[in-house]
Amino acid sequence: MDQQTWTAVDQYLTSTLLPPDPALTATLESSRRAGLPSIAVSPTQGKLLHLLAKMTRAKSILEIGTLGGYSTIWLARALPADGRLVTLEYEPKHAELAKANIEAAGLADRVEVKVGAALDSLPGLEGPFDLSFIDADKANNPAYFKWALEYSRPGSVIVVDNVVRGGAVVQADSTDPSIQGVRELHDLIAAEPRVDATALQTVGDKGYDGLTIALVTS
Ligand code: SAH
Ligand code: DHB
Ligand code: MG
């Protein structure tokens with residue numbers, strides 16, 4: 001199996017299971033035009049985030065790493081009318097584009113985009129959050145997970161993106177801070193009695209990567 005097959009299958013699954021979606025398509029298109037990196041979650045992954053938010057009946061969502069707002073829109077659409085989502089983004093250019101995309105998707109009433117380094121914004125948030133999606137600079141994954149846990153209640157779910165990185169996660173002696181960030185995240189979760197977690201390897205049009213999913217139990 002190769003990337004071409006994974007992409008073809010992702011296209012098949014997306015065209016079969018996911019109806020055409022003008023707001024999401026426009027978000028990716030405006031992100032591309034503005035020169036943002038093409039690293040948003042895939043449509044099938046976005047739908048997974050959306051379904052997780054619905055399955056947990058999330059009314060409050062925290063996202064770390066907004067980019068152009070693609071995953072934000074998937075998540076925010078799962079909220080009830082009185083729900084809220086806070087998303088943290090370091091790059092003002094990304095945050096401004098995300099705000100416009102979120103507004104165009106009709107979700108501005110539920111979503112707050114906070115500009116700045118996530119570690120600066122995190123201490124001042126109003127929790128708890130029913131679902132947290134961690135998808136920013138991978139070196140800070142352990143710190144982000146600690147904050148997400150701090151803002152959780154029993155039953156909250158924490159999802160972390162990009163935890164396999166083409167398989168590089170197994171390189172214990174890697175000097176890449178992103179790899180060490182993912183490995184330290186997993187060590188932290190393994191030692192944390194308040195969470196129950198698993199991780200899944202994924203292939204698709206974003207290549208070979210994975211997601212860690214943790215349930216906060218106490
Ligand atoms: N969740 C998005 C993709 C996020 S890409 C989606 O799937 O649609 C990662 C984002 O994290 C980028 O926009 C990057 O600017 C942002 N980022 C990087 N370091 C950050 C930091 N320290 N604080 C907040 N955001 C950061
Ligand atoms: C990168 C970041 C992401 O959030 C992602 O989904 C893929 C790649 C990156 O920084 O390379
Ligand atoms: Mg990601």
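Basis for what follows: all heavy atoms, side chains included, without hydrogens, waters or symmetry-related copies. We count ligands from 1, going down the list as the structure has it; atoms in each ligand are counted the same way.
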- Query: Tell me, which protein residue and heavy-atom name are nearest atom 7 (C) of ligand 2, and how many Å apart are they?
  - Reply: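 Atom 7 (C) of ligand 2 sits closest to the protein heavy atom Asn162 ND2, 3.5 Å.
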- Note on the structure: Ranked by distance from atom 4 (C) of ligand 1, the top protein heavy atom is Asp135 O, 3.4 Å
Under 4.0 Å, heavy-atom basis, I'd like to know which part of [X] is in contact with ligand 1: side chain, backbone, both or neither.
X     : value
Trp74 : neither
His94 : side chain
Thr66 : backbone

- Do ligand 1 and Asn140 have nitrogen or oxygen atoms that lie under 3.5 Å from each other? no
- Task: Give yes if a backbone or side-chain nitrogen or oxygen of Ala40 is under 3.5 Å from a nitrogen or oxygen of ligand 1, and no if not.
- Result: no
- Hey, what's the angle at the Mg ion (ligand 3) spanning OD2 (Asp161) and OD1 (Asp135), nearest 10 degrees? 100°
- 2.8 Å cut-off met by an N, O or S atom of Ser71 to the Mg ion (ligand 3): no
- Item | Polar atom proximity, Asp209 to ligand 2 (N or O, under 3.5 Å) | no
- Note on the structure: A student checking ligand 1 against Ala117 at a 4.0 Å heavy-atom cut-off should list atoms 23 (N)
- Message: Using a 4.0 Å cutoff against the non-hydrogen atoms of Gly65, which atoms of ligand 1 qualify?
- Response: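 What qualifies from ligand 1 is 1 (N), 2 (C), 4 (C), 10 (C), 11 (O).
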- Query: Hey, looking at atom 11 (O) of ligand 2, which of Lys138, Gln45, Arg165 has the closest heavy atom?
  - Reply: Arg165
- Query: Should one rank Ile39, Leu67, Asp135 by closest heavy-atom distance to atom 4 (O) of ligand 2, which comes out on top?
  - Reply: Asp135
- Task: Is it possible for you to say whether Leu188 and Val182 belong to one hydrophobic cluster, with membership spreading through side-chain heavy-atom contacts below 4.5 Å?
- Result: yes
[X] versus [Y]: any side-chain heavy-atom pair under 4.5 Å?
X      : Y      : result
Ser132 : Leu149 : no
Arg77  : His50  : yes
Arg183 : Val169 : yes
Leu122 : Ile64  : yes

- Query: Under 3.5 Å, is there a donor-acceptor pair between the side chain of Glu89 and the main chain of Thr66?
  - Reply: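 Pair found, side chain donor or acceptor close to backbone of Thr66.
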- Heavy-atom gap Gly69 to ligand 1 smaller than 4.0 Å: no
- Query: salt bridge (charged side-chain N to carboxylate O under 4.0 Å, His left out) between Asp161 and Lys138: does it pass, once the steps are laid out?
  - Reply: CA-CA 9 Å; Asp161 195 25; Lys138 313 309 175 189; 5.1 Å; no
- Glu150, CD atom: more than 12 neighbouring heavy atoms under 6.0 Å: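 12 or below, so no.
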- Query: To the nearest 0.5 Å, how far apart are CD in Gln171 and CG in Asp176?
  - Reply: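 Going from the CD atom of Gln171 to the CG atom of Asp176 covers 8.5 Å.
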- In ligand 2, the atoms that come under 4.0 Å of a heavy atom of Asp161 are 6 (O)
- side-chain hydrogen bond (donor to acceptor under 3.5 Å, both in side chains) assessment of Glu29 paired with Thr25: CA-CA 6 Å; Glu29 183 52 30; Thr25 303; over 6 Å; no
